[in-house]
Amino acid sequence: MTSKQRIRHIVKWIRQYATKNKISTLVVGISGGIDSSVVSALCAETGLKTIVVQMPIRQNRKLDNRSSMQAAWLLERYKNVTHMSMDLTPVFTAFEKKLEPVCRDSDSITLGYANSRARLRMMTLYQIAQSHGGIVVGTGNRVEDFGVGFFTKYGDGGVDISPIGDCMKTTVWNMGREFGLPQEIIDAEPTDGLWDDGRTDEGQLGMTYPELEQAMWLDESGDQSVTSTEKANLKKYRAIRARNLHKMEPIPVCLIPE
């Protein structure tokens, strides 16, 4: 399937889902990254009312500028797009201060606060969606959401539909090129935007997206005819997946015997 065909297929899928469920509005959080940029464009293409929301929290200036760039790109091309910008820094700072007495400084606490940023954004998107009779549209791709679980549980993982959940990261980049998204967004290093130091996805994962995709394919296909480098990457992939598998599986339920 070509990028153009894939875009057409996903747009039709979103529109059909909205029609079937009487949904009038699509709400998307935009970060300035390729995933949210492509998803916001896909939503805009449906012709349905699309609200794109910037939610900076102590945001790296480059990321916030790219979010604004994507919003401007959409507004220039689609009359059905509305843009909202909400600086959630004061809310997050108040939350952080409130928890200071019970959360001592540590790596785990730092990670917890990073995840709290994602959860605060999720709450914001759902409040907006509820107010406009809409749904929250996910921006996770197949590698992150179903491969290594590189998302925040009940944060960016908390969505109503997942249009690119069956698309590899490289596929998303290709769709971005097909849309003609700003080159700065396409060329930008992927980042989750949850850290003050601006760390990248690949820096956190220790693997590039092409390496992750290949390892994911090898893991799923059971192919053993791999090079030493591919074997090493497959081992890394499986280790990352094992750590995050709890995010991708149903919540464990204690069954009561009859």
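Given the structure is predicted, the values throughout are model-derived calculations rather than measurements.
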Can you tell me how far apart OG1 (T46) and CH2 (W13) are? Round to the nearest 0.5 Å. 12.0 Å
Would you say W73's side chain and A41's backbone share a donor-acceptor pair under 3.5 angstrom? no
Mind checking whether F95 and V102 sit in one hydrophobic cluster, side chains of I, L, V, M, F, W, Y counted as touching below 4.5 Å? yes
Closer than 3.5 angstrom, by distance alone: can the side chain of E213 be matched with the main-chain N or O of T170 as a donor-acceptor pair? yes
Contact between P190 and K169 at the side-chain level, heavy atoms closer than 4.5 Å - yes or no? yes
As a quick check of understanding, evaluate side chain to side chain contact (heavy atoms under 4.5 Å, CB included) for S3 and R177, giving each step before the final call. CA-CA 9 Å; S3 293; R177 293 185 185 96; over 6 Å; no
Does the plane of the ring in F92 sit parallel, tilted or perpendicular to the ring in Y113? Use 30° and 60° as the thresholds. perpendicular
For the residue pair M55 and L120, establish whether any side-chain heavy-atom pair is separated by less than 4.5 Å. no
Taking every heavy atom of A71 against every heavy atom of Q54, the minimum-distance pair comes out as CB-OE1, 4.5 Å
Check for a donor-acceptor pair, side chain of R66 on one end and backbone N or O of I185 on the other, with a separation under 3.5 Å. no
Given side chains that start at C-beta, do those of I164 and M175 come closer than 4.5 Å, heavy atoms only? yes
Does a donor on one side chain and an acceptor on the other come within less than 3.5 Å for E211 and Y237? no
Heavy-atom donor-acceptor pair, D87 side chain to T89 backbone, under 3.5 Å: yes
S31 backbone acceptor or donor facing S67 side chain under 3.5 Å: yes
Can you confirm whether H246 is buried at NE2, in the sense that more than 12 heavy atoms of other residues, nucleotides or ligands lie under 6.0 Å from that atom? yes
With a 3.5 Å distance limit and no angle check, can you tell me whether N80 reaches the backbone of A44 through a side-chain donor-acceptor pair? yes
When you compare the side chain of R121 with that of L88, does any pair of heavy atoms fall below 4.5 Å? yes
Hey, does I128 have a side-chain heavy atom less than 4.5 Å from the side chain of T124? yes
Checking R117 side chain against P56 main chain: does a donor-acceptor pair fall under 3.5 Å? no
Heavy-atom donor-acceptor pair, T200 side chain to E189 backbone, under 3.5 Å: no
What's the verdict on side chain to side chain contact (heavy atoms under 4.5 Å, CB included) for R8 and E45, showing C-alpha distance, side-chain angles and the deciding distance? CA-CA 9 Å; R8 194 180 301 122; E45 279 285 322; over 6 Å; no
Measuring from D35:CG to C167:SG, what's the distance to the nearest 0.5 Å? 9.5 Å
Distance col, row Y17:OH vs L48:CG, nearest 0.5 angstrom, shows 13.0 Å
Tested for side-chain hydrogen bond (donor to acceptor under 3.5 Å, both in side chains) against Y209, the lone hit among E202, E144, Q214 is E144
Under the criterion salt bridge (charged side-chain N to carboxylate O under 4.0 Å, His left out), which of R238, R142, R241 is the partner of E220? R142
Under 3.5 Å donor-acceptor pairs involving side-chain atoms of residues 133-140, not counting sequence neighbours:
none

Cluster check L111, L245: I/L/V/M/F/W/Y, side chain < 4.5 angstrom: no
State plainly whether one hydrophobic cluster holds both L212 and M248, where clusters connect Ile, Leu, Val, Met, Phe, Trp and Tyr through side-chain heavy atoms under 4.5 angstrom apart. no
Would I10 and I14 satisfy side chain to side chain contact (heavy atoms under 4.5 Å, CB included), going step by step from the backbone distance to the final call? CA-CA 6 Å; I10 296 173; I14 297 172; 4.0 Å; yes
I240 side chain reached by M207 side chain, heavy atoms, under 4.5 Å: yes
Consider only side-chain heavy atoms of I, L, V, M, F, W and Y, link residues closer than 4.5 Å, and tell whether L99 and I57 are in one cluster. yes
Hey, is the main chain of V81 close enough, under 3.5 Å, to the side chain of T50 for a donor-acceptor pair? no
Are more than 12 heavy atoms from other residues, nucleotides or ligands located less than 6.0 Å from atom CD of Q204? yes
Check against side chain to side chain contact (heavy atoms under 4.5 Å, CB included), V27 and H132: CA-CA 9 Å; V27 179; H132 291 266; 5.6 Å; no
Kindly say whether V52 contributes a backbone atom to a donor-acceptor pair with the side chain of S40 at under 3.5 angstrom? no
Joint cluster assignment, Y154 & F146, ILVMFWY side-chain distance < 4.5 Å: no
Does any donor atom in the side chain of S36 or Q70 lie under 3.5 Å from an acceptor atom in the other side chain? no
Atom OG1 in T82, atom CG in L26: separation rounded to 0.5 Å? 11.5 Å
With a 4.5 Å limit on heavy-atom distance, are the side chains of Q16 and T19 in contact? no
Evaluate the side-chain proximity of F151 to N244: yes if any heavy-atom separation is below 4.5 Å, no if none is. no
Assess the residue pair E96 and R58 against the criterion (salt bridge (Lys or Arg N to Asp or Glu O under 4.0 Å)); give the C-alpha distance rounded to whole Å, side-chain angles, the decisive distance to 0.1 Å, and a yes or no. CA-CA 13 Å; E96 197 176 36; R58 299 176 189 165; 2.5 Å; yes
